[in-house]
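Report on the structure given below.
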Amino acid sequence: MLSFKVTTVGASSGIILTKEALARLRVRKGDVLHLTEAPGGGYRLTPYDPEFARQMAIAEDIMHDDREVLRALAK
């Protein structure tokens, strides 16, 4: 388990991620992290964007269901 201290960053608060934490999250400086609610009442810090995943699932359904239309449009 990794622990982080909340610190002041300008007029806001933040945490500083160690190199190990960045490697485990597979992120680097400038990437966006999302704080999501986890089952059981906790929270999860992740680079995974659940809204983007939902949109991609919808797009995949459309591409699968309407593939003939998309092929015709691609010509």
Are [X] and [Y] close enough that some pair of their side-chain heavy atoms sits under 4.5 Å apart?
{"X": "L17", "Y": "F4", "value": "yes"}
{"X": "I15", "Y": "K5", "value": "no"}
{"X": "R71", "Y": "K75", "value": "no"}

### Message
Please determine whether the number of non-hydrogen atoms from other residues, nucleotides or ligands lying under 6.0 Å from atom CD of E51 exceeds 12.
### Response
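Yes, enclosed.
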### Message
Using a 6.0 Å cut-off, check whether atom CD1 of I16 has over 12 heavy atoms from anything other than its own residue.
### Response
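It does not: I16 CD1 has 12 such atoms or fewer within range.
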### Query
So how far is it from H64 NE2 to L70 CG, rounded to the nearest 0.5 Å?
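Result: 12.0 Å between the selected atoms.
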#### Entry: Nearest-0.5 Å distance that lies between atom CD1 in I58 and atom CE in M56
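Atom-to-atom, I58:CD1 and M56:CE are 11.0 Å apart.
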State, to 0.1 Å, how close [X] and [Y] come at their nearest heavy-atom pair, and which atoms those are.
{"X": "S13", "Y": "V6", "answer": "CB-CG1, 3.8 Å"}
{"X": "R24", "Y": "L2", "answer": "NH1-CG, 3.8 Å"}
{"X": "A38", "Y": "R44", "answer": "CB-NH2, 3.8 Å"}

### salt bridge (Lys or Arg N to Asp or Glu O under 4.0 Å) pairs, two or more places apart, involving residues 55-66
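Qualifying pairs, neighbours excluded: none.
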### Task
Tell me whether L45 is reachable from L22 by hopping between hydrophobic residues (I, L, V, M, F, W, Y) whose side-chain heavy atoms are closer than 4.5 Å.
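Yes, one cluster joins them.
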### Query
Is it the case that one hydrophobic cluster holds both L35 and L25, taking links as side-chain heavy atoms less than 4.5 Å apart, direct or via other members?
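No, no single cluster joins them.
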